[in-house]
Amino acid sequence: MCGIVGYTGKRAAMPIILEGLKKLEYRGYDSAGISTLHHNELTHVKALGKLIALEEQLAQEPLAGSIGIGHTRWATHGKPSVPNAHPHVVGTTAIVHNGIIENYKSLRTELEAHGSQFLSETDTETVAHLLHVHRRETLLETLFAILPMIRGAYSIAAIDTRDPHTLVCVKQESPLVIGLGKNENFVASDIPALLAHTRDFIFLEDGDVAAITPESVSIYHHGQPVERPIKTVSWSPSAAEKGGYKHFMLKEIHEQPRALRDTLRGKFDGKTLQLSDLALTPQEVASIRRIQLVACGTSWHAGLVGKYYLEQIARIPVEVDIASEYRYRTKVVDSSTLVVPITQSGETADTLAALKDAKREGAKVITVCNVVDSSIVRESHGVLYTNAGPEIGVASTKAFTTQLAALYLLALFIAQEQKRLDSAAIAEHIAQLEALPAVIETVLEREEEYKNFAHTFHDYPNFLFLGRSFNFPIALEGALKLKEISYIHAEGYASGEMKHGPIALIDAQMPVVVVATASAVYDKLVSNVEEVAARDGIVVALVNDADTSWGKKAHTVFRVPEVPEMLSPIVNAVPMQFIAYYVADFKGCDVDQPRNLAKSVTVE
Ligand code: G6P
């Protein structure tokens, strides 16, 4: 989720690119850089930290030239550092890149064997070297030549001293738009970067390559010239930042298919699951006898689902702890205990303290995290990144579903290394995981149903959420989402436990959201719902498409496609997010910044 801006025209490129990058800081902000071309020479400046650091440096050493590219980085491969910041310059070419080059390791090995010298740890630099090693007459021809060599999701913009007015770019499963001006043209990963200059855009399609000069834009697909329509955008700058959505939370709900694809990307080569950032030796994985998952808030709910995954797939006993509790209890850990902090931000104070304690007691610590090189990652022995991209809405959405996918991968990995699952079984699990983004796209298409529901129910003072087994934590998460952003009192409960307390609360004023998708405990859950209905509770059921049995039992029925039971929490989380979002929005709440809450809680 990095931000890209490029310019070619008659004006000075640097200030235009810098201003554009500032509008993209929400896409990532751990380092930044700009490269321009002037008098046939490429120059660049890069800086660590937020854009202000780059701006200060550029004030000292401004870049001349009326063509250039810039980048604000959200690290995926290689920690935030100046060498890892973009642009990457090799020979006559400078490039910026957003996305992941899946096969960069093998490309790098090959390039190094033939003498290429790498300066960074990034996947991007392999593309810069490929462009150098395979150079043809023009940058465009070179790009055509190397594209078949790279795999993954990427948008790339590049400039070259041999073609000093042409910006070349490519889009593959990562956003990239061309902005059209008069005697100048632009490229950016998102519209807000360019709104100060133009409202006319070409939205590139996957596989499109473009050559952009101040006077022309030529687009190619599979090497053939193609026409793409010009669209005029009427968004306000603040709506544009949110991709046209009303809130970041809604945008992030919609980003989940992409976020899940990025989390799964490049991990499985058809035979072996490789989680190299875990940095565990085969012996260390073989010796894991116990696992402790430690987290706060929504990440703790991910841990609760993770326990089911790790116990069912890897057959290792798991405890799940709230980090603020774990800190102050006696920890029985040794070198055969794997402690797994789960954290979106990597900065939560309680989770960090819990990790330090566990390490002190001799446990191996690997973190599931969304932010590269965050404090918790730096303290850990290894890491499994979620690659959801920056999450800005305080209520966690895409970070949660990608945490579930990451924990599923972790369970598969341990099972693989401990020889519980063979390669064919792993391949089957991965195929099921890879099918999820399309399923979630179907759920997203049904958004209107949740809006209608919220219109009717946003004034109710209490909600109960019920689930069982893998979906018990989804009931907890549904309740947490609702209370966080709508300030409605909500409780999540294991439906079998309802008779031990919450059933006393049920009356005709109580909406009860039941996660009732196909499962081994489906019949038992249905009996629990009968108990709700018998007490006049308002049943709101989340069921599978094929389940037609809820017409009489439920006031409202939401449907999702059926997936294997273990993966159903990843799908079922999305309706919970929509319910909370639309209820809060109808109530007029500040969805992205709810009262009293913070995105990252760095105090105890
Ligand atoms: C805060 C946020 C939650 C988040 C929790 C843990 O309370 O508002 O959305 O789940 O912190 O954050 P972490 O970054 O460690 O996942």
Side-chain angles (χ1 to χ4, degrees), residues 1-2 27-31 73-81 84 100 121 252 255-256 259-260 262-267 274-280 291-306 309-310 320-324 326 338-359 363-411 413-414 570 598-602:
M1 278 283 291
C2 310
R27 295 186 62 89
Y29 36 74
D30 57 49
S31 57
R73 182 165 186 250
W74 171 262
T76 55
H77 293 72
K79 61 179 185 284
S81 69
N84 288 340
I100 297 168
E121 305 155 301
E252 287 157 5
E255 280 174 354
Q256 289 176 109
L260 282 165
D262 282 351
T263 301
L264 302 175
R265 196 180 300 287
K267 305 279 193 318
Q274 278 169 0
L275 305 179
S276 47
D277 289 340
L278 290 187
L280 292 173
I291 298 176
Q292 295 181 336
L293 306 175
V294 191
C296 302
T298 289
S299 297
W300 178 64
H301 292 159
L304 293 175
V305 180
Y309 289 169
L310 286 155
V320 190
D321 271 273
I322 293 171
S324 56
Y326 185 86
L338 182 68
V339 172
V340 183
I342 306 164
T343 168
Q344 186 286 128
S345 62
E347 302 296 341
T348 305
D350 285 320
T351 311
L352 180 59
L355 172 165
K356 286 182 177 165
D357 285 357
K359 249 171 82 178
K364 268 269 161 212
V365 179
I366 57 142
T367 292
V368 172
C369 189
N370 195 37
V371 180
V372 171
D373 219 36
S374 51
S375 304
I376 294 179
V377 169
R378 286 199 302 271
E379 282 289 333
S380 307
H381 296 111
V383 61
L384 178 51
Y385 284 120
T386 41
N387 288 339
E391 192 179 64
I392 294 173
V394 164
S396 188
T397 51
K398 62 177 180 171
F400 177 66
T401 43
T402 53
Q403 283 168 345
L404 299 190
L407 289 163
Y408 200 93
L409 288 176
L410 180 65
F413 180 74
I414 294 174
I570 302 180
K599 183 71 190 155
S600 181
V601 182
T602 53

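- The backbone N or O of P80 sits nowhere less than 3.5 Å from a side-chain atom of D30 that would complete a donor-acceptor pair.
- A side-chain N or O of T367 and one of S380 form a donor-acceptor pair less than 3.5 Å apart.
- For the pair V377/Y385, a side-chain contact is recorded, criterion being any heavy-atom separation below 4.5 Å from C-beta on.
- Between V368 and L407 there is a side-chain heavy-atom pair separated by less than 4.5 Å.
- For the pair E252 (side chain) and G393 (backbone), a donor-acceptor distance under 3.5 Å is present.
- Judged by distance alone, the side chain of N370 and the main-chain N or O of A388 form a donor-acceptor pair under 3.5 Å.
- One N or O on the side chain of E347 and one on the backbone of S375 form a donor-acceptor pair closer than 3.5 Å.
- Here the CD1-CZ distance, from I570 to F400, works out to 9.0 Å after rounding to the nearest 0.5 Å.
- To the nearest 0.5 angstrom, I366 atom CD1 is 6.5 Å from L384 atom CG.
- A search for ring-ring contact (aromatic ring centres under 6.0 Å, His included) contacts involving Y326 returns nothing, not counting sequence neighbours.
- Taking each heavy atom of G303 and L293 in turn, the nearest pair found is O-CD1, 3.2 Å.
- Taking CG from L410 and OH from Y309, the interatomic distance works out to 12.5 Å, rounded to the nearest 0.5 Å.
- T351 approaches V294 most closely through the heavy-atom pair CG2-O, 4.0 Å.
- G382 and A279 make their closest contact through CA-CB, 4.5 Å (heavy atoms, listed as atom of the first residue, atom of the second, distance).
- The CD1 atom of I100 sits 4.5 Å away from the CG atom of D262 when rounded to the nearest 0.5 Å.
- With Q344 contributing its side chain and A399 its backbone, the two residues share no donor-acceptor pair below 3.5 Å.
- Contact between L409 and L275 at its shortest, heavy atoms only, is O-CD1, 3.9 Å.
- A 6.0 Å sphere centred on NZ of K79 holds no more than 12 heavy atoms belonging to other residues, nucleotides or ligands.
- Side-chain atoms of V371 and W74, non-hydrogen and from C-beta on, do get closer than 4.5 Å to each other.
- At distances below 3.5 Å, not a single donor-acceptor pair connects side-chain atoms of Q403 with backbone N or O atoms of T386.
- Contact of the T402 side chain with the L260 side chain is registered, since non-hydrogen atoms from C-beta on lie closer than 4.5 Å.
- What you find for A358 and V339 is that their closest heavy atoms are CB-CG2, 3.7 Å.
- A distance of 6.5 Å separates CG of L280 from CZ of F413, quoted to the nearest 0.5 Å.
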Given side-chain hydrogen bond (donor to acceptor under 3.5 Å, both in side chains), test Q256 with T401 step by step and report yes or no. CA-CA 7 Å; Q256 289 176 109; T401 43; 2.7 Å; yes
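- Checking side-chain atoms of N84 against main-chain N and O of E121 turns up a donor-acceptor pair under 3.5 Å.
- Across I342 and A295, no two heavy atoms sit closer than the pair O-CB, 3.2 Å.
- Among the candidates V365, L278, I291, the single residue satisfying the side chain to side chain contact (heavy atoms under 4.5 Å, CB included) test with L338 is I291.
- With values rounded to the nearest 0.5 angstrom, S299 atom OG is found 11.0 Å from L304 atom CG.
- A side-chain donor-acceptor contact under 3.5 Å links E391 to the backbone of K398.
- No side-chain heavy atom of L310 sits less than 4.5 Å from a side-chain heavy atom of V340.
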